[in-house]
K.L.:
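Mind having a look at this structure? Questions to follow.
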Amino acid sequence: MSEEFLIEPGAKVSVRRVPHTSWRRVLADSFRHFNPKRQVRHPLMFCVYVLFVLTVVLTIYPRIFPDVLATYNSGYYVAISVILFLTLWFANLSDSIAEAQGRAQADSLREIRSGIRARQILPDGTARWVPSDILHVGDTVEVRPGEPVPVDGDVIAGAALIDESMMTGESEAVTRESGGDRTSVLGGTRVLQGTVKVRVSAARGESFLDRLIRLVEGLGREPTPNEIALSVLLAALTITLFIVCVSFVYLADFSGIVTISLATIVALFVCLMPTTIGALLPAIGISGVNRVARANVIAKSGKAVEAAGDLDVLILDKTGTITVGNRLAVQFVLAPEVAAKELVENAMLASSLDETPEGRSIVRLAARQNVPVRRLAPGTFRVMPFTPERRMSGLVLNDGTEVFKGSLSAMQAYGAEIPNALLQNALQFSRQGMTPLAVAANKRVLGVVVLKDVVKPGIKDRIHELKLMGIRTIMCTGDNRVTAAAIAKESGVDDFIAEAKPEAKLEVIQREKAAGRLVAMTGDGTNDAPALARADVGLAMNSGTSAAKEAGNMVDLDNDPTKLIQVVSIGKQLLITRGALTTFSITNDVAKYFAIIPAIFVTAALPGVAALNILGLTDPYLAVLAALLFNALIIPILIPLALVGVPFRPRNAIDLLRRNLLTYGLGGLVSAFVGIWLCYYFLDWSLALPLFHSWSVAIGRVLPLGGR
């Protein structure tokens with residue numbers, strides 16, 4: 001088979017489409033969700049579903065229950081049925097919109113993997129072209145420049161520059177090579193330079209891309225612990241309200257003051273149930289996972305996102321998370337009787353061929369001093385690289401000149417004498433967590449270059465935000481205690497662990513979890529896998545090993561360790577949104593109670609009931625319909641808030657509770673009173689229209705008993 005035939009005709013592997021929502025499909029799904037098997041997943045809305053079916057049956061065949069005939073009104077029953085249908089449909093619509101956001105992203109991901117073929121390396125060393133979906137764990141494939149990576153795996157030979165933009169949206173290519181912690185490659189990415197051999201690490205249907213598609217679609221999404229707890233609470237509240245409604249009806253019937261129709265009982269029960277949060281609860285959970293996905297973080301379950309919002313402790317690496325990852329030259333310090341130009345020239349010369357980040361940093365600092373670069377002809381010098389034994393690096397010129405930079409102890413072992421004043425300055429910098437490197441020419445120390453592990457811009461503010469949320473931060477680093485203390489103080493973390501070994505993170509996690517705290521951490525290496533698996537939230541880097549990505553319950557496609565701070569904010573927003581809408585729903589129900597109950601008894605002229613009729617409603621039928629209509633309409637009004645989330649600002653729990661009660665608790669009361677009042681007078685106005693009168697008469701002719 002020709003080696004140019006890499007992809008099936010029509011396949012697309014290099015374009016990441018912008019996900020879009022098909023409203024036609026959303027509407028179709030919202031009606032398909034009326035399937036009882038789908039409805040039964042949400043107990044609260046399933047109650048509404050059962051009551052809707054019961055009301056429709058009674059509307060068409062009222063003689064099934066003879067007791068209904070005494071209070072039967074065909075138009076009233078039809079109106080109740082229509083509004084209950086709208087309530088269910090609006091709830092289904094919120095689910096459909098949330099799922100459509102993930103489905104659009106899943107469709108674009110499916111295009112990435114369609115038709116990819118693989119060059120499989122057989123045990124005898126020969127190669128053959130096979131469809132990528134027949135490969136098994138342990139098989140070896142070879143990928144060359146311009147070819148897509150067919151499957152998830154680990155690089156076992158070679159190195160390559162890989163374009164992951166179709167997966168992550170990031171245009172900058174990344175390097176993957178055998179050995180170390182940057183061996184993992186994803187199926188669907190493309191090799192730009194280099195040739196690598198990849199060992200397959202994922203079975204068919206279990207690749208990262210397959211799991212990603214299932215996650216963003218929300219297929220098989222399990223309710224989170226908080227969702228389950230809230231559902232149990234709402235179910236208990238619903239059962240209590242059912243008992244109250246039944247008792248209320250029997251008391252009214254026993255007293256003989258007023259006769260309540262079955263349709264009114266259904267409407268009363270549905271209005272007093274927390275249907276608003278029941279309808280929006282699934283959409284809130286789905287949208288939380290979608291928000292994490294838009295941040296280029298893949299959460300393996302909704303539980304991980306929710307746990308991020310409940311965190312107590314956050315373990316952070318120093319290098320690459322709190323600091324930029326490389327020590328940078330920040331200052332030149334002169335030895336006595338040495339000119340600044342002489343020190344800078346020799347520091348630049350000693351670092352001119354040093355390709356380490358520290359060496360390039362010294363050259364950049366020297367260039368800012370407006371010192372010209374000394375040009376050396378090829379063959380006129382010898383490079384002396386850094387070695388653990390020498391602990392210095394520099395150049396030896398053919399004329400015998402030696403220029404070195406290195407640690408103070410290395411310079412003393414080299415035979416260079418360090419002036420006492422310079423030595424005291426260098427020790428002071430060391431106490432502040434910085435690294436002084438001495439610069440010497442022919443064993444004469446000219447001064448030191450101060451290197452500093454630079455804290456990332458804005459990281460102190462982000463850590464301060466975490467403190468406001470009540471999250472304790474712990475920094476882990478292999479640096480000595482002095483350096484670690486300086487970085488911890490500058491960044492604002494609560495605690496630090498210096499000279500940490502790989503297993504130190506696991507020990508910290510086990511200790512904190514034993515104290516009943518929820519813990520999160522980031523990692524990318526195989527040695528991080530046990531700690532990632534043990535943490536409540538383990539954020540693995542996409543560039544890391546397969547073991548790390550398997551152990552973590554989140555994967556960051558951007559390979560940014562600070563992304564965990566953003567994930568915490570999203571998790572907090574998810575919990576706050578759920579709490580805010582629950583508060584709104586319950587206070588809404590309280591307002592509906594004061595709108596419906598007094599209106600039902602308004603014709604009975606009971607002492608004290610008129611005082612409870614805050615809205616001054618006079619028609620009990622219209623009052624019930626108005627409350628039920630508002631109960632349905634408030635769901636689509638709140639769908640955008642459920643999907644986008646309540647705006648989140650870092651603050652303590654008491655402030656959040658106070659804001660929820662004032663904004664959403666009071667807002668639920670006021671909006672319900674205003675909304676029911678508007679619906680009441682809208683229905684009153686509509687009933688006076690000739691068109692509505694004709695419609696009511698037509699219904700009376702169609703239904704068995706007609707209108708009363």
Side-chain angles (χ1 to χ4, degrees), residues 44 90 94 224 226-227 229-231 233-234 236-238 240-241 271-281 283-285 287-288 291 305-306 308-312 461 464-471 568-598 611-616 626-627 629-680:
L44 208 64
F90 289 146
S94 70
T224 63
N226 278 355
E227 275 187 84
L230 182 57
S231 297
L233 174 63
L234 296 178
L237 184 60
T238 300
T240 304
L241 287 171
C271 284
L272 297 185
M273 284 170 57
T275 49
T276 305
I277 185 61
L280 298 173
L281 193 58
I284 294 170
S287 62
R291 281 197 294 275
V305 181
E306 192 172 89
D310 277 333
L311 285 180
D312 300 303
D461 293 335
H464 179 66
E465 290 177 4
L466 292 171
K467 288 185 177 181
L468 290 178
M469 300 177 203
I471 298 175
V568 170
S569 297
I570 294 173
K572 290 284 186 185
Q573 186 184 35
L574 170 65
L575 296 177
I576 290 170
T577 301
R578 188 183 296 150
L581 291 180
T582 301
T583 304
F584 185 93
S585 179
I586 292 174
T587 54
N588 241 222
D589 296 337
V590 173
K592 294 169 196 168
Y593 179 89
F594 282 99
I596 297 176
I597 302 299
L612 296 176
N613 192 8
I614 300 173
L615 298 179
L629 180 60
F630 171 78
N631 187 68
L633 293 178
I634 197 63
I635 295 173
I637 292 173
L638 292 176
I639 286 177
L641 185 62
L643 297 179
V644 176
V646 173
F648 169 69
R649 292 179 182 175
R651 57 183 70 189
N652 60 47
I654 300 300
D655 287 342
L656 288 174
L657 178 62
R658 186 182 298 115
R659 187 189 72 166
N660 266 0
L661 290 176
L662 288 176
T663 304
Y664 298 98
L666 186 60
L669 279 172
V670 173
S671 64
F673 282 125
V674 173
I676 292 171
W677 185 84
L678 291 174
C679 289
Y680 179 87

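Since we're looking at a predicted model, the values are computed, not measured. The first residue in the sequence is number 1, and the count goes up from there.
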K.L.:
Decide yes or no on side-chain contact (heavy atoms from CB on, under 4.5 Å) for Leu575 and Glu306, but give the supporting numbers first.
P.N.:
CA-CA 7 Å; Leu575 296 177; Glu306 192 172 89; 3.6 Å; yes

K.L.:
Is it the case that the side chain of Ser94 and the backbone of Ala279 share a donor-acceptor pair, with hydrogens and angles ignored and the cut-off at 3.5 Å?
P.N.:
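Confirmed, Ser94 side chain pairs with Ala279 backbone.
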
K.L.:
side-chain contact (heavy atoms from CB on, under 4.5 Å) with Asn588: which of Leu272, Ile277, Ile634?
P.N.:
Ile634

K.L.:
Applying side-chain contact (heavy atoms from CB on, under 4.5 Å) to Leu641 and Phe584, what does each step give before you reach the verdict?
P.N.:
CA-CA 12 Å; Leu641 185 62; Phe584 185 93; over 6 Å; no

K.L.:
How long is the gap from CG on Leu281 to OG on Ser585, to the nearest 0.5 Å?
P.N.:
10.5 Å

K.L.:
To check you understand the geometry: which heavy-atom pair defines the closest contact between Cys679 and Ala626, and what is its length?
P.N.:
CB-O, 3.7 Å

K.L.:
Taking atom CD1 of Ile284 and atom CG of Leu581, what is their separation to the nearest 0.5 Å?
P.N.:
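If we round to the nearest 0.5 Å, Ile284:CD1 and Leu581:CG are 4.5 Å apart.
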
K.L.:
Say you draw a straight line from CZ of Arg659 to CD1 of Ile576; how long is it, rounded to the nearest 0.5 Å?
P.N.:
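If I round to the nearest 0.5 Å, the distance is 6.0 Å.
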
K.L.:
Quick one, Leu280 with Ile635, criterion side-chain contact (heavy atoms from CB on, under 4.5 Å). Give me CA distance, side-chain angles, the key distance, then yes/no.
P.N.:
CA-CA 7 Å; Leu280 298 173; Ile635 295 173; 4.2 Å; yes

K.L.:
Give a yes or no on whether the backbone of Leu643 and the side-chain of Arg291 come within a donor-acceptor separation of less than 3.5 Å.
P.N.:
yes

K.L.:
Report yes or no: does Thr587 contribute a side-chain atom to a donor-acceptor pair with the main-chain N or O of Gly665 at less than 3.5 Å?
P.N.:
yes

K.L.:
Within the structure provided, determine whether Leu669 and Val590 are in side-chain contact (heavy-atom separation under 4.5 Å).
P.N.:
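When only atoms from C-beta onward are counted, Val590 and Leu669 do touch, with a gap below 4.5 Å.
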
K.L.:
Is it the case that the side chain of Thr582 and the backbone of Arg578 share a donor-acceptor pair, with hydrogens and angles ignored and the cut-off at 3.5 Å?
P.N.:
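Pair found, side chain donor or acceptor close to backbone of Arg578.
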
K.L.:
Once rounded to the nearest 0.5 Å, what's the spacing between atom CZ of Phe630 and atom CH2 of Trp677?
P.N.:
14.0 Å

K.L.:
With no hydrogens and no angle check, is any side-chain donor or acceptor of Thr577 less than 3.5 Å from a backbone partner on Val646?
P.N.:
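Yes; at least one donor-acceptor contact below 3.5 Å.
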
K.L.:
Quick one: pull up CG in Asp310 and CG in Leu574 and give me the separation to the nearest 0.5 Å.
P.N.:
9.5 Å

